[in-house]
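So the structure is just underneath, and the comments pick up after that.
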Amino acid sequence: MPREILNPFKIAQSYFEQAAERLKLDAGMRAILSTPKRTLTVSIPVRMDQGGYRVFIGHRVAHNMARGPAKGGIRFHPDVTLDEVKALASWMTWKCACLDLPFGGGKGGVVVDPHRLSDGERERLTRRYTSEILPLIGPDQDIPAPDVYTDPQIMAWIMDTYSMTKGATTLGVVTGKPLALGGSKGRERATARGVQFVLREACRARKISIKGARVAIQGYGNAGSHLAALLHEEGARIVAASDSGGGVYDPKGLTPAQLLAHKRAGRSLKTFEQGKMITNKQLLELAVDVLVPAALENQITSANAGRIKAKIIAEAANGPTTPMADDILFRRGRTVIPDILANAGGVTVSYFEWVQDFYTFFWEEDEVDRRLEKYMVRAYHSVAEAAARHKCSLRGGAYVVAVDRVAEATRVRGIFP
Ligand code: GLU
């Protein structure tokens, strides 16, 4: 058996290559679409509260801008690498194209554990990182947003740093901002809402009822915690949930609001009073109907894919499944709703936020939700249709839809000069 690829950029390339093959793209087009347009690595000196300085490393990658400005979040995490940011940036290109948003793909990352910084240190880190990547970002160039361990407050600092430097308040330079500052209603839970909409379609296709369905959620950040609440409201049973420290399992069902209160008190879900303590690995293999990886990359690999019992796997995280695992799940008849479709609700409402910022006219939450549902359902069906046409998984279908759109934009624009 060949060795499993775990390098995220190589994984991204391998999914891309499958689509390029199906679309019969020539070698030149494959090279253009698979090579990041630009990558920038910066050093970020930060004055620490205890005196002295520390230097952090950050990256910003614009993978492709053929269909519009680069779009994608910024991650603060100790394990960030340039290859990971390149992979995440390319997934943003395919995600935006899959949803038919007028954006390319980008991503940023800073190698840091933000939980070990004070608020002041986090603000200085964010502002200096923003100033270092400032030549690349802008509302019509490259538009950051939240990702793992970044939030609306951090987006507000990015917006302010950019605006102070340019001398004009520029709302559209970043999305996922607070409501007081050009943010969109519904953005906070948009990723979860998007997962909910496509999960509904996938359940319908597999004749599974959400009501009463057993759901396990790995990761209790923005995506995982909101999704737990939304599915619970719809009548699903959240039987397991976890965070980076571990998780909890109770076949009778957990109450998302109580899990969130526990997290907000600064405690890991593994110490939750009810149910049984489980590891993140055990969570993935539970007897459930729906499994939602909502944490980090490479969680489902060839080592555990054969033991996944869920009928539907909805990828709220980016890159949770390796290509070998993806093949195994497909052969075992599991439905994987791939990341570039499943978690696209976040960037879709980012798009709505950017539009509202330009208009400086803001929508009510029901309007955001209604439009999001339309985008997600439409994307789900074009992906399912492409998957049926190519007799492949939904991931295969999603990449075909996305890569075809970016290739077409590249073809009609032509290559400069
Ligand atoms: N970080 C999110 C993602 O991976 C959102 C990106 C955005 O809104 O630009 O899709």
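Counting starts at 1 for both ligands and their atoms, in listed order.
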Ring-face cation of Lys86 near Phe9 (centre distance under 6.0 Å, axis angle within 45°): yes
Residues in salt bridge (charged side-chain N to carboxylate O under 4.0 Å, His left out) contact with Glu285, at least two apart in sequence or another chain: Arg307
All pairs passing salt bridge (charged side-chain N to carboxylate O under 4.0 Å, His left out) where residues 396-408 contributes a residue, at least two apart: Glu408-Arg411
Backbone N/O of Glu188 and side chain of Asn222: donor-acceptor pair under 3.5 Å: yes
Salt-bridge contact Arg67-Asp100 (side-chain N to carboxylate O under 4.0 Å): yes
Any pair counted as ring pair (Phe, Tyr, Trp, His ring centres under 6.0 Å), so long as it reaches residues 137-176, sequence neighbours left out: His77-Tyr149, His115-Tyr149
Close residues, ligand 1: non-hydrogen atom nearer than 4.0 Å: Lys71, Gly72, Gly73, Met92, Lys95, Lys107, Ala145, Pro146, Asp147, Arg187, Asn318, Gly346, Val347, Ser350
